[in-house]
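Computed from heavy atoms alone, side chains included, the values below leave out hydrogens, waters and symmetry copies.
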Amino acid sequence: MSIIQSFLGAFLSSLLLTLSIPNVFSHSGSFLLGLFSLVPLYYVLEKNRGKKPIVSGITTGLSVSLTHLMSSFWLAFFQGYAVFTLGLSAIAYFFFGWILGYFLWTANKLPGWLRPWIFASVWVSWEWFKSNGFLAYPWGTLIMSSRTSIPFIQIADLTGTWGISFVMALTGSLIGENLIYWVKAKTVNSFPFFQEEKPSLLSLIRGAFHLPKREKTFPGAMPGPAARCLFSIGEEGIWVIKNTAFCLFLLLIIYSYGFYKIATLPEPEDYINILFVQHNSDSWNDNFEKSLSTAMRLTREGLKNREKPRLIAWNETVLAYPYEENYEYYQHFPYKDPFVPFLRENGIPLLVGAPYIIDMENELFSNSAILLSPEGEILQHYGKMQLVPFAEYIPFIQYDWMKKFMNAVAGFSSGWTPSHEYRLFTGLTNSGKEILFSTPICFEDAFPGVCTGLVKNGSRFFLNLTNDSWSKTESAEMQHFSIASFRAVEHRTVMARSTNGGYSCIINPLGEVIYDFPLFEEHSEILSVPVYPYTRTLYSYLGDYIVILAFFAFGSAFIIYRKKIIYKNEAN
């Protein structure tokens with residue numbers, strides 16, 4: 001296969017993956033496209049397995065980088081940080097993809113029966129690596145394309161999203177294996193399957209699992225077109241059929257489990273009425289006074305002539321200045337309608353995003369959620385732990401060379417300080433019972449580790465506060481929602497999202513949206529958030545064990561077949 005053909009295949013794979021997740025053409029994306037998205041990449045890597053690994057490295061790097069650019073183009077709108085959020089990250093993903101290509105090239109050197117399984121193991125390991133750590137960015141993954149298939153994603157409470165990634169990568173690789181093998185078989189044009197007398201698919205599968213070895217007597221084994229076809233396609237073709245049949249059986253089990261979980265979803269044990277305020281204004285980029293006044297106006301409109309809710313939820317960084325240290329300021333600001341008197345007027349606790357001072361002397365601030373009493377006191381607070389790299393914090397900023405570099409390139413060298421505590425909030429349900437809930441901030445709801453830690457500490461539901469208005473695109477809002485929705489399924493709880501521009505919604509433990517607000521519009525409404533019985537799922541106990549198994553599978557395969565891999569590498 002030529003270099004141009006390889007690059008076209010890489011581009012097609014990245015295009016399919018981009019279109020499979022929420023995008024500018026479809027807010028929901030396409031699960032079917034997600035299943036097929038890795039087929040072109042698998043095809044070109046398989047065709048190039050006889051070449052040097054650098055070909056697979058460049059091809060995969062190009063595919064990964066293009067996927068990032070096409071699906072996350074809106075990162076360019078992140079104020080003045082586009083050189084880092086989109087430009088530098090695209091370059092980084094090319095080199096990460098290059099390394100990924102070497103691992104996939106190694107997987108392609110394995111025997112045909114094992115190849116698709118190790119390919120899927122490598123892929124899920126890649127998506128885990130991409131989604132964890134201080135440079136984590138869990139967007140642009142296979143996982144995001146599966147959200148539209150509600151029964152399929154129910155396995156997240158057993159395997160996390162990594163089981164979803166593995167099965168989708170396995171399906172794509174097996175589609176690629178079938179494409180490669182059967183196209184080759186038809187080209188030969190001597191297989192009985194392509195003659196007038198064709199065996200049924202069921203007889204081929206049955207024969208593939210029961211057909212004796214070649215050296216055994218043919219006539220007594222399994223007469224008919226199925227036997228002749230299986231003997232003519234050889235061992236490789238038989239393994240393609242076996243793997244495909246097993247994958248279909250696996251999908252059947254997954255969907256059966258999904259429909260079972262949908263049918264057995266327990267009833268909520270209580271509800272908590274919350275006023276959600278989507279004020280469609282960014283306190284950092286818009287006029288702060290106008291932005292705060294808009295949120296207050298919408299709050300009054302939402303409370304007008306209605307029964308008082310138990311809580312008012314605004315969103316991330318609505319307050320531009322630390323509240324406690326600027327209490328006197330907020331008593332008189334906004335000047336025509338001060339904030340602190342507004343709190344007393346409502347008589348309802350307010351959950352709002354604001355800076356929180358950790359260490360004034362060293363200028364350490366956290367991006368936090370604070371719960372304010374009607375009297376204007378801070379009752380509880382939570383500091384964001386997973387920060388956006390190069391936008392909310394600067395990696396390696398403790399070193400002088402990084403400070404000089406950032407000041408020279410971007411004109412700044414400071415940011416938020418990450419918190420390290422899984423703090424929860426206390427709320428009252430409609431029946432008057434106290435419950436604990438948690439507030440993952442902005443893209444923290446995309447990280448299983450953060451949300452698992454909150455659940456382990458007793459969180460009954462998630463109330464995410466987000467500011468995505470800077471993205472200026474509906475596809476960015478829906479991508480964030482898409483990946484956040486899996487946290488509800490993983491822990492069989494509710495994910496409520498209060499955003500300043502979208503997508504504000506309530507997601508039930510099945511990943512279904514039960515209430516939502518329009519995107520990029522001012523809106524406020526009292527919604528009843530269901531509170532389900534507290535539970536710990538298998539995933540919340542075992543964590544990312546699927547990834548550990550994937551690492552182990554690849555390592556074991558490499559050790560067992562290392563001589564074959566090394567020999568083929570040297571031969572090239």
Q: Can a side-chain donor-acceptor contact be found between Ser131 and Trp139 if the only test is distance below 3.5 angstrom?
A: no
Q: Check whether any side-chain N or O of Ser30 sits under 3.5 Å from a backbone N or O of Leu33 as a donor-acceptor pair, and report yes or no.
A: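 Yes; at least one donor-acceptor contact below 3.5 Å.
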Q: Do you know which two heavy atoms are closest between Leu465 and Val352, and how far apart they sit?
A: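 Closest pair (atom of Leu465, atom of Val352, distance): CD1-C, 4.2 Å.
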Q: Name the orientation class of the two ring planes belonging to Trp74 and Trp470 (parallel below 30°, tilted from 30 to 60°, perpendicular beyond 60°).
A: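 Tilted, since the angle between the ring planes falls between 30° and 60°.
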Q: What I want to check is whether the side chains of Ser528 and Asn273 have a donor and an acceptor closer together than 3.5 Å.
A: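 Yes, side-chain donor-acceptor contact under 3.5 Å.
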Q: Is the ring centre of Phe437 less than 6.0 Å from the ring centre of Phe462?
A: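 Distance test on ring centres: not under 6.0 Å, no.
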Q: Which heavy-atom pair separates Val494 from Pro509 by the least distance, and what is that distance?
A: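 Minimum heavy-atom separation between Val494 and Pro509: CG2-CD, 4.2 Å.
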Q: Please determine whether side-chain hydrogen bond (donor to acceptor under 3.5 Å, both in side chains) holds for the pair Glu316 and Thr466, giving the CA-CA distance in whole Å, both sets of side-chain angles, and the decisive distance to 0.1 Å.
A: CA-CA 5 Å; Glu316 182 190 19; Thr466 286; 5.5 Å; no
Q: Whether the Glu474 and His27 side chains hold a donor-acceptor pair (N or O, under 3.5 Å, no angle test) is what I'd like checked.
A: yes
Q: Does either side chain, that of His480 or that of Asp468, offer a donor lying less than 3.5 Å from an acceptor on the other one?
A: yes
Q: When you check the side-chain N and O atoms of Gln154 and Arg492, is any donor under 3.5 Å from an acceptor?
A: yes
Q: Any sub-3.5 Å donor-acceptor pair from Asn326's side-chain atoms to Tyr329's backbone N or O?
A: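 No, because the side chain of Asn326 does not come within donor-acceptor range (under 3.5 Å) of the backbone of Tyr329.
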Q: Might you point out which heavy atoms bring Pro138 and Ile483 nearest each other, and give the distance in Å?
A: O-CD1, 2.7 Å
Q: Take Ser291 and Thr294, measure what side-chain contact (heavy atoms from CB on, under 4.5 Å) needs, and give me the verdict at the end.
A: CA-CA 5 Å; Ser291 177; Thr294 300; 5.8 Å; no
Q: Please check if the side chain of Arg147 supplies one atom and the backbone of Phe486 the other of a donor-acceptor pair under 3.5 Å.
A: no
Q: What distance separates Leu19 CG from Leu32 CG, expressed to the nearest 0.5 Å?
A: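 Leu19 atom CG to Leu32 atom CG measures 12.5 Å (nearest 0.5 Å).
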Q: For the residue pair Ser504 / Gln278, report whether a side-chain donor-acceptor contact shorter than 3.5 Å exists.
A: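 Distance-only check passes for Gln278 and Ser504.
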Q: Please round to the nearest 0.5 Å and tell me the distance separating atom CZ of Phe288 and atom OG1 of Thr317.
A: 10.0 Å
Q: For the side chain of Ser125 and the backbone of Ser121, is there at least one donor-acceptor N/O pair under 3.5 Å apart?
A: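 Yes, Ser125 side chain to Ser121 backbone: donor-acceptor pair under 3.5 Å.
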Q: Can you list everything that forms a ring pair (Phe, Tyr, Trp, His ring centres under 6.0 Å) with Tyr330? Sequence neighbours excluded, please.
A: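 Ring pair (Phe, Tyr, Trp, His ring centres under 6.0 Å) check on Tyr330 returns Tyr323, Phe339.
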Q: Give a yes or no on this: more than 12 heavy atoms of other residues, nucleotides or ligands lie within 6.0 Å of atom OH of Tyr260.
A: no
Q: I'd like to know if the side chain of Asp270 pairs up with that of Ser431 as donor and acceptor (distance under 3.5 Å, no hydrogens or angles considered).
A: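 Judged by distance alone, the side chains do pair up.
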Q: Determine whether the side chains of Asn367 and Tyr356 contain a donor N or O and an acceptor N or O closer than 3.5 Å.
A: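 Per modelled atom types, Asn367 and Tyr356 side chains form no pair under 3.5 Å.
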Q: Whether the Asn467 and Ser469 side chains hold a donor-acceptor pair (N or O, under 3.5 Å, no angle test) is what I'd like checked.
A: yes
Q: With a 6.0 Å cut-off (strictly less than), is the heavy-atom count around CZ of Phe554, excluding the residue itself, greater than 12?
A: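 More than 12 heavy atoms, drawn from other residues, nucleotides or ligands, come within 6.0 Å of this atom.
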Q: What is the distance from atom CD1 of Ile370 to atom CG of Leu379, rounded to the nearest 0.5 Å?
A: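 CG of Leu379 is found 10.0 Å from CD1 of Ile370.
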Q: Would the distance check show the side chain of Glu127 and the main-chain N or O of Leu142 forming a donor-acceptor pair, the cut-off being under 3.5 Å?
A: yes
Q: Are any of the side-chain nitrogens in Arg460 or Glu269 under 4.0 Å away from the carboxylate oxygens of its partner?
A: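 Looking at Arg460 and Glu269, the cut-off is met.
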Q: Describe, in one word, how the ring planes of Tyr255 and Phe259 are oriented to each other, choosing from parallel (under 30°), tilted (30 to 60°) and perpendicular (over 60°).
A: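 If you compare the ring of Tyr255 with that of Phe259, the planes turn out tilted.
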Q: For the pair Phe96 and Trp126, name the ring-plane relationship: parallel under 30°, tilted 30 to 60°, perpendicular over 60°.
A: tilted
Q: What residues form a ring pair (Phe, Tyr, Trp, His ring centres under 6.0 Å) with Tyr545, not counting sequence neighbours?
A: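 For Tyr545 there are no ring pair (Phe, Tyr, Trp, His ring centres under 6.0 Å) partners, ignoring immediate neighbours.
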Q: Hey, is the main chain of Phe342 close enough, under 3.5 Å, to the side chain of Asn346 for a donor-acceptor pair?
A: yes
Q: Looking only at the side chains, is there a donor atom on one of Glu434 and Thr426 sitting less than 3.5 Å from an acceptor on the other?
A: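 Result is no, nothing qualifies.
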Q: Verify whether the ring centers belonging to His68 and Tyr137 lie closer than 6.0 Å.
A: yes
Q: Can you name the residues that form a ring pair (Phe, Tyr, Trp, His ring centres under 6.0 Å) with Phe481, not counting sequence neighbours?
A: Tyr503
Q: Where does the angle between the aromatic ring planes of Phe152 and Phe31 fall among parallel (under 30°), tilted (30 to 60°) and perpendicular (over 60°)?
A: tilted
Q: Does either side chain, that of Thr18 or that of Ser71, offer a donor lying less than 3.5 Å from an acceptor on the other one?
A: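 No, Ser71 and Thr18 have no side-chain donor paired with an acceptor closer than 3.5 Å.
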Q: Between His491 (side chain only) and Thr493 (backbone N and O only), is there a donor and an acceptor less than 3.5 Å apart?
A: no
Q: Before we go on, tell me: are the rings of Phe461 and Tyr532 under 6.0 Å apart, centre to centre?
A: no
Q: Can you name the closest pair of heavy atoms from Ala369 and Thr439 and give their distance?
A: CB-OG1, 3.7 Å
Q: Kindly give the heavy-atom pair with the smallest separation between Gly501 and Asn280, and that separation in Å.
A: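 Heavy atoms of Gly501 and Asn280 come nearest at CA-OD1, 3.9 Å.
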Q: Less than 3.5 Å apart, any donor N or O on the side chain of Ser459 or Ser438 sitting next to an acceptor on the other?
A: yes
Q: Is the shortest distance from a Lys or Arg side-chain nitrogen in Arg487 or Glu490 to a carboxylate oxygen in the other one below 4.0 Å?
A: yes
Q: Just how far is it from atom SG of Cys505 to atom CG of Asn464, taken to the nearest 0.5 Å?
A: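 Here the interatomic distance stands at 9.0 Å.
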Q: Looking at Tyr382 versus Phe425, is the centre-to-centre ring distance below 6.0 Å?
A: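 Distance test on ring centres: not under 6.0 Å, no.
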Q: Salt bridge check, Arg300 against Asp337: does any charged N sit closer than 4.0 Å to a carboxylate O?
A: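 Counted as a salt bridge, because a side-chain N and a carboxylate O are separated by less than 4.0 Å.
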Q: Looking at Tyr327, I'd like to know if its OH atom is crowded, meaning that more than 12 non-hydrogen atoms belonging to other residues, nucleotides or ligands lie closer than 6.0 Å.
A: yes
Q: Rounded to the nearest 0.5 Å, what separation is found between the CD atom of Glu301 and the CD atom of Glu525?
A: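 Rounded to the nearest 0.5 Å, the CD-CD separation comes to 12.5 Å.
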Q: Quick one: CE on Met168 to CG on Leu170, what's the gap to the nearest 0.5 Å?
A: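 The CG atom of Leu170 is 11.5 Å from CE of Met168, to the nearest 0.5 Å.
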Q: Using modelled atom types and a 3.5 Å cut-off, is there a donor and acceptor pairing between side-chain atoms of Ser37 and backbone atoms of Gly34?
A: yes
Q: Of the non-hydrogen atoms in Phe276 and Ala496, which two are nearest, and what is the gap between them?
A: CZ-CB, 4.0 Å
